[in-house]
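Okay, so here's the structure we're looking at.
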Amino acid sequence: MSISKTYNPKDAEDKWYAYWMEQGFFRSVPDGREPYTIVMPPPNVTGVLHMGHMLNNTIQDVLVRRARMQGKNACWVPGTDHASIATEAKVVAMLKDKGIDKKDLTRAQFLEYAWEWKEKYGGIILKQLERLGASCDWERTRFTMDPDLSEAVIDAFIRLYRKGYIYRGVRMVNWDPQGRTALSDEEVIRREVDQTLYYVKYAVGDATGEHPSYLTIATTRPETIMADTAVCINPNDPRYAHLRGKKAFVPLIDREIPIIEDEYVDMEFGTGCLKVTPAHDLNDYELGQRHNLPVIDILNDDGTLNEHAEILVGEDRFRARKAIAKLLADAGHLEKTEPYKSQVGFSERTDAAIEPKLSMQWFCRMDELAKPALDYVLNGEVKLIPDKFVNTYRHWMENIKDWTISRQLWWGQRIPAWYNAQHEWVVAKTAEEAEACFAAAGKPSEGLRQEDDVLDTWFSSGLWPMSVFDGTRRPENPDIDYYYPTNDLVTAPEILFFWVARMIVFGHEYRGLPPFRNVYLTGIVRDKLGRKMSKSLGNSPDPIELMERFGTDGVRVGMLLSSPAGNDLMFDEAYCEQGRNFANKIWNAFRLVKGWDAADVPASPAQREAADWFAHRFNQALAEIDAHFAGYRISDALMATYKLVWDDFCSWYLELVKPAYQQPIPRETLEATTTLFESVLKLIHPFMPFISEELWHDELFGTREETDCCIVAEYPKGNAFDERELAAFATVQQVVSEIRNIRNTKQVSPKTPLPLAINASSGIDFGRYAESIQKMANVSSVSFGETKQPGSTTFLVGTDEFSVDLAGNVNVAAEKERIGKEIDYLHGFLKAVDAKLANERFVQNAKPEIVANERNKKADAEAKIKILAEHLQNLEGS
RNA sequence: GGGAGCUUAGCUCAGCUGGUUCAGAGCACCUGCCUUACAAGCAGGGGGUCACUGGUUCGAACCCAGUAGCUCCCACCA
């Protein structure tokens, strides 16, 4: 039979994923085993799979698969997030394409479209995750707007309201004119923007209405001058002392406003005169509060000017800015303009420039709630990985502000507050309860109307680790009891505050326990030039296409190879290629073993030594891998596995046991090999589930029961290993390597067998390894004792001497030079060691073992020099 | 403006409490091999004043201070 020379991933991937599903291996229900739980950060329903998801979910799958193999009851809960503003924006855009304006729809009609949209596109990303091999318990798939999850959100709102955390008030909020909703501070991204600073002249007068002079203010937002309700100067500013008590007149509309004084004004900046626009700037709002200024709001919700502006009504704010500039210039009110850079806020979801806007919003008071959530992280009950994020987290939690939780959207959980005709309100779960509440308060409930606003998406995702197990509505249910707190959360640092902190807050509030023990923060996936992946740059590879090209296992390996926790990773397709090559290497190792015919003959010494050695080496590597996993160094764990397989198993073990061409292999060796191979497959499985499962079922490993799959095989347990055996073998490897090197430099073909002489003093029994060395280095004979035959070249490993007979093919002069150089180097080395040992302070202060070691180094160097000198002398004689 | 972090081979990164094993790994590179498992491969090899300057120490990639460059987070200066 013939097996393909390269691994063909496609066949294996569909087959085994379907098989795992069929066998129910992903399913988890509470039982007597230790649980291992991860809740997936729910991707937006609007989303399609991008590289960030790939990284994130690969890591989760590795953790889950390993835990499952370790005999834990592994439960990975998938789901999606309704992402209120992002989704609503998409639905609005979709409707617009159809010629439908959201304004013309009722709430119910709009929601119908939105749900339709969600049903159509909402599952795409989860389907794509199957392709990645994600071993989620799909029966537990949840959506943050599933009826029970929505109910949990409503209950949480009521609960927090009753505890006094939620309040309603007029505040300056971040207004997204495109999404037409308020945003929390966290959803605003500030960027430096090139702007223009406009110097605008305001007429100054007194009560007589005359305009004898002008003052000039500098502003980046001339379109808001119509909302000015004062001009402010610094009381300590002598330049403007003459303006005290005077009035200024807003240009173009000629409205009279007071000139006020406040030390808030920076005399150095601009002209030292500030226009005060309480409706459209947070600082101005506060200034206005102090000075009892009226508030004139000239903007509509969509960012166009309203009738209060008097001019340019209906014009968009940015167009209005240009128009105003021209009007001011024409009227002689524009003194000059200059370029200016400043920070502008943008909506995280719609990228629209944020408009500070006064509005009635709902808030959640955070100070008290944040305290225990901070403590969990500070005292290590919740570990952040890497821990450098602890500082950031602390800083944020200690300076936390109240959370704007209302959003002026329809897609989401509608706030359970109810108004009567008098605009009085109560918080209640249903209309009936609301009526009862009004009645109890002796208030009328006529004209009962529910709050229009919905809750911030993060309010629902904050409950996610509990709500997926119905843990807030039914806090005693077996699922939440068993799975909560979950073990690991894998997510991006960007949402540490948005999401992680709020989950901890809610987790404590409901259960007095944090929702997870470890938070693994992945980096941002960038391109190899370090740029963020973005659609506009076109530098974001399509994950599905990558999997087509390199195989899923290859891409998984590629994602992990370069992704230490918390560091951004420069994604390069070359990593996927490396992953694919690795899969191919494993495939070919399998092909080799598969091709062997067993015979009932005894194993050779090399074969036995190899099996012994690899067993030790395996356990050593396993200990390293386990340690890496314990520290969440997933890429290191993978690299250790990679080297074990490629270098130790393929390059050494298989080469050592490999029978000569067309020779059979001893049955015991074949059996030892398949057993070791099986263990290797288990180690590989969490990283490369498909190829490991594919090979697992080959008849090479015997016939298997239906349920005997690699995915549920018992993960190897670390056994003790003998360091001395490993060290001895490492020496053997070095010897082989030296001989190969000699061939290379002397240009002796690997096909030419060479005799080797050994003169060992280290106590290593090279006799045991003679056959191994012969096989690996194509040595014709191994003799012990004299190593200084003429016509041979010599080398040292430690203080053991070796010589390879090159049948006179030796350049004596070059040989002498080489040995001479080596002796020179050792002399230099010895000098440094001697200097150290001659230093009394070193001998006194350093730890005894350090000093002893220096003495060893000295003795070692001296011994080597002696041997080399003899060789040199020998060469002189020849 | 405040806070955190980073700078080690061409690239991406390890280097735990300062001292064997301390200058490492993978990839890339160079040389030689189409050796019947694998050229997606095999064997071998060359690359680094550990950003810079000073200090502490018998001893510094590692500790301290300063300098330069980079990154991220937070922040209401028009």
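With B:A75, B:A78, B:C74 as the candidates, the nucleotide lying closest to the side chain of A:Lys401 is B:A75. Across B:A78, B:U12, B:A43, the shortest atom-to-atom separation from the side chain of A:Met570 is found for B:U12. Nearest to the side chain of A:Lys585, among B:G44, B:C42, B:A40, sits B:C42. Picking from B:G44, B:C58, B:A14 the nucleotide with the shortest atom distance to the side chain of A:Asp636 gives B:A14. The side chain of A:Lys388 sits closest to B:G5 out of B:C77, B:G5, B:A40. Of the candidates B:G44, B:C58, B:C76, B:G44 carries the atom nearest the A:Ser737 side chain, counting heavy atoms from C-beta on.
Per the geometry, CD belonging to A:Glu286 stands 14 Å off P belonging to B:A78, to the nearest Å. Between the P atom of B:C38 and the CG atom of A:Leu592 lies a distance of 9 Å, rounded to the nearest Å. When rounded to the nearest whole Å, the span between CD of A:Glu573 and P of B:A28 equals 14 Å. Atom-to-atom, CD of A:Gln195 to C1' of B:A78 comes out at 11 Å; the value is rounded to the nearest Å. One atom, CH2 of A:Trp596, and another, P of B:A37, lie 10 Å apart when rounded to the nearest Å. Put simply, CD1 on A:Ile586 is 17 Å from P on B:A40, counting in whole angstrom units. Taking atom CG of residue A:Asn588 and atom C1' of nucleotide B:G41, one finds them 8 Å apart after rounding to whole Å. Atom CE in A:Met267 sits about 15 Å away from atom C1' in B:A78, given to the nearest Å.
Under 4.0 angstrom from either OP1 or OP2 of B:C58 there lies at least one side-chain N or O belonging to A:Arg841. Here A:Asn581 reaches the OP1 or OP2 of B:G41: one of its side-chain N or O atoms lies under 4.0 Å away.
Within 4.0 Å of A:Trp646, counting heavy atoms only, lie sugar-phosphate atoms of the nucleic acid but no base atom. Counting any heavy atom pair closer than 4.0 Å across all strands shown, A:Ser749 reaches no nucleic acid atom. If you check every strand for non-hydrogen atoms under 4.0 Å, A:Glu840 touches nothing. Using a 4.0 Å heavy-atom criterion, one finds that A:Asn741 contacts the sugar-phosphate atoms exclusively. Looking at heavy-atom distances under 4.0 Å, A:Ser342 makes contact with sugar-phosphate atoms alone, never a base. Residue contacts shown for A:Ala574 are absent, as no nucleic acid heavy atom lies under 4.0 Å away. Residue A:Phe571 is out of contact with every strand shown, counting any heavy-atom pair closer than 4.0 Å. In this structure, A:Glu655 reaches the bases: a heavy-atom distance under 4.0 Å links it to at least one base atom across the strands shown. Here A:Lys5 lies in heavy-atom contact (under 4.0 Å) with sugar-phosphate atoms only. Counting non-hydrogen atoms under 4.0 angstrom, A:Cys273 reaches nothing in the nucleic acid. Among the protein residues, A:Asn839 comes within range of the sugar-phosphate backbone only, with heavy atoms under 4.0 Å from sugar or phosphate atoms but none that close to a base. Among the heavy atoms of the strands lying under 4.0 Å from A:Thr219 are primed sugar atoms or P, OP1, OP2 only; no base atom is included. As judged by a 4.0 angstrom heavy-atom cut-off over every strand, A:Arg740 is placed among residues touching the sugar-phosphate backbone only. If you check every strand for non-hydrogen atoms under 4.0 Å, A:Asn584 touches a base.
Aromatic ring centres of A:Tyr340 and A:Phe269 lie closer together than 6.0 Å. Centroid-to-centroid, the aromatic rings of A:Phe649 and A:Phe677 come within less than 6.0 Å.
Mapping A:Lys847 and A:Gly272 onto RNA chain B via the closest heavy atom, the residue that lands nearer the 5' end is A:Lys847.
Salt-bridge formation is not detected for the pair A:Lys357/A:Glu355: no Lys NZ or Arg NE/NH1/NH2 atom is positioned less than 4.0 Å from an Asp or Glu carboxylate oxygen. Of the charged side-chain nitrogens involved, none lies within less than 4.0 Å of a carboxylate oxygen, so that A:Glu655 and A:Lys775 do not count as a salt-bridged pair.
Between the P atoms of B:C72 and B:G26, the separation comes to 31 Å (whole Å). B:C63 and B:C6 are spaced 10 Å apart, taking the P atom of each and rounding to whole Å.
Ring planes of A:Trp646 and A:Tyr642: tilted class, angle from 30 to 60°.
The closest donor-acceptor contact from the side chain of A:Arg633 to the backbone of A:Ala627 lies under 3.5 Å. The closest donor-acceptor contact from the side chain of A:Asp402 to the backbone of A:Met366 lies under 3.5 Å.
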*Sugar-phosphate atoms are those with a prime plus P, OP1 and OP2; base atoms are the rest. Using that split, label each nucleotide of nucleotides 20-26 of chain B B, S or - for protein heavy atoms under 4.0 Å, 5' to 3'.*
B----SS
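Across all their heavy atoms, A:Phe802 and A:Val735 have their closest contact at CZ-CG2, 3.4 Å.
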*How does RNA chain B read in dot-bracket, base by base from 5' to 3', with Watson-Crick or G-U pairs under 3.5 Å and | used when the partner is on another strand?*
(((((((..((((.....[....)))).(((((.......))))).....(((((..]....))))))))))))....
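By the 4.5 Å heavy-atom criterion applied to side chains, A:Val645 and A:Ile586 are counted as neighbours.
B:G47: glycosidic angle within 90° of 0, hence syn.
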